[in-house]
Amino acid sequence: MADIWIMRIGHRPQRDKRVTTHVALSSRALGARGIYVDTPDPVLEENIRSVVHRFGGDYSIKTGVRWQDATKGFKGKVVHLTMYGQRVDEALPKIPKDENIMVIVGAEKVPPEVYQRADFNVSIGNQPHSEIAALAIFLYLYTGGKHLYEQREGGEMTVIPNERGKTVVRDD
Ligand code: SAM
């Protein structure tokens with residue numbers, strides 16, 4: 001499987017700080033390689049880098065990147081998640097696993113040009129819900145959940161699954 005990138009559009013630093021943080025963290029947990037966010041937000045960048053520093057793995061964040069620029073030279077397929085898109089169960093077999101993908105999620109209204117630029121406009125059900133939920137469900141279905149318990153190199157700590165209580169190993 002090739003790399004998965006996320007493009008978050010319509011980010012408003014004050015109003016969306018928790019939602020965009022969770023878009024990034026959820027995509028990281030599910031195996032994405034990194035996120036682009038359209039509005040500059042150094043605090044968001046710092047928070048995500050701090051998680052990567054502590055828990056390891058290879059995940060990057062860059063803010064202040066227009067979706068037009070992120071998608072322009074992108075080598076791979078662009079997948080836009082929208083309640084108006086084609087059914088995810090029908091889209092998935094058509095989305096290649098051996099090419100990079102960039103998954104676009106919105107905040108408020110998404111410009112019509114995004115629908116035109118996308119190689120696939122994909123819905124996770126046809127009810128309005130959340131970019132965090134839509135992204136997590138899409139990534140889980142696309143990857144089969146195989147990244148959820150993978151070992152992440154280079155962090156300060158590793159969490160060991162535990163039926164009751166918390167087991168955290170400090171990494172040297
Ligand atoms: N009314 C907005 C629009 O026209 O796109 C929807 C905004 S919604 C709060 C924020 C984002 O969540 C959307 O841009 C989309 O990426 C995602 N989203 C929400 N519901 C979805 C669904 N049923 N399927 C796929 N993505 C969804």
Side-chain angles (χ1 to χ4, degrees), residues 1-45 47-49 51-52 59-148:
M1 187 170 284
D3 288 341
I4 302 168
W5 293 91
I6 312 301
M7 176 74 232
R8 162 68 155 157
I9 64 175
H11 171 67
R12 298 151 295 183
Q14 274 318 309
R15 196 173 155 178
D16 296 326
K17 62 182 170 201
R18 269 178 64 80
V19 175
T20 305
T21 298
H22 291 180
V23 165
L25 294 182
S26 304
S27 71
R28 173 180 171 272
L30 283 148
R33 213 7 226 91
I35 187 169
Y36 299 101
V37 178
D38 56 357
T39 313
D41 190 337
V43 175
L44 174 69
E45 290 193 5
N47 289 341
I48 299 304
R49 287 187 189 128
V51 172
V52 175
Y59 186 90
S60 69
I61 177 165
K62 194 167 180 192
T63 70
V65 181
R66 297 163 70 236
W67 69 265
Q68 294 93 332
D69 295 329
T71 55
K72 196 169 182 180
F74 183 68
K75 290 188 175 48
K77 297 287 187 258
V78 174
V79 177
H80 169 220
L81 296 182
T82 164
M83 63 184 278
Y84 305 106
Q86 63 177 310
R87 294 174 58 120
V88 66
D89 52 339
E90 291 177 3
L92 269 178
K94 299 182 239 166
I95 303 175
K97 296 268 166 54
D98 56 353
E99 278 186 63
N100 296 338
I101 61 166
M102 180 174 290
V103 186
I104 302 182
V105 292
E108 282 192 316
K109 193 165 166 49
V110 172
E113 292 77 16
V114 173
Y115 291 76
Q116 304 308 317
R117 171 61 184 89
D119 297 293
F120 302 93
N121 289 290
V122 178
S123 61
I124 307 294
N126 56 10
Q127 300 299 317
H129 50 88
S130 142
E131 49 273 53
I132 304 168
L135 185 58
I137 293 169
F138 174 78
L139 292 178
Y140 186 82
L141 292 173
Y142 181 71
T143 63
K146 70 178 184 183
H147 300 287
L148 288 175

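For reference, positions follow the sequence shown, starting with 1. We count ligands from 1, going down the list as the structure has it; atoms in each ligand are counted the same way.
Here the heavy atom of the protein found nearest to atom 27 (C) of ligand 1 is Ala134 CB, 3.7 Å. Of the protein's non-hydrogen atoms, the one nearest atom 4 (O) of ligand 1 is Tyr84 CE1, 4.0 Å. What sits closest to atom 20 (N) of ligand 1 on the protein, heavy atoms only, is His129 N, 3.1 Å.
Around NZ of Lys94, the count of heavy atoms belonging to other residues, nucleotides or ligands within 6.0 Å exceeds 12. Within a 6.0 Å radius of OH in Tyr140, other residues, nucleotides and ligands contribute 12 heavy atoms or fewer.
Taking each heavy atom of Pro13 and Lys17 in turn, the nearest pair found is O-CB, 3.2 Å.
The shortest side-chain heavy-atom distance between Val51 and Thr21 does not fall under the 4.5 Å cut-off. Side chains of Ile101 and Phe120 form no contact here, defined as non-hydrogen atoms less than 4.5 Å apart. No side-chain heavy atom of Val78 sits under 4.5 Å from any side-chain heavy atom of Trp67. No side-chain heavy atom of Arg12 sits under 4.5 Å from any side-chain heavy atom of Thr39.
The shortest N/O to N/O separation between Glu131 and ligand 1 falls below 3.5 Å. Considering backbone and side-chain N/O atoms, Leu81 comes within less than 3.5 Å of an N/O atom of ligand 1. At least one N or O atom of Gly125, backbone or side chain, sits closer than 3.5 Å to an N or O atom of ligand 1. Considering backbone and side-chain atoms alike, Gly106 places an N or O below 3.5 Å from some N or O of ligand 1.
Distances below 4.0 Å separate heavy atoms of Val110 from the following atoms of ligand 1: 5 (O), 14 (O). The ligand atoms of ligand 1 that sit less than 4.0 angstrom from a heavy atom of Thr82 are 24 (N), 25 (C), 26 (N). Interface of Glu108 with ligand 1, defined as ligand atoms under 4.0 Å from a residue heavy atom, comprises 2 (C), 3 (C), 5 (O), 7 (C). Each of the atoms 20 (N), 22 (C), 23 (N) of ligand 1 lies under 4.0 Å from some heavy atom of Gln127. Listed by number with element, the atoms of ligand 1 under 4.0 angstrom from any heavy atom of Ser130 are 12 (O), 19 (C).
Protein heavy atoms are found less than 4.0 angstrom from atom 24 (N) of ligand 1.
The residue among Pro128, Ala107, Gly10 with a heavy atom at the shortest distance from atom 9 (C) of ligand 1 is Ala107.
Salt-bridge annotation for Arg117 and Glu113: absent, with no side-chain N of the basic residue lying under 4.0 Å from a carboxylate O of the acidic one.
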So His147 and Leu30, side-chain contact (heavy atoms from CB on, under 4.5 Å) or not? Walk me through it.
-> CA-CA 6 Å; His147 300 287; Leu30 283 148; 5.8 Å; no

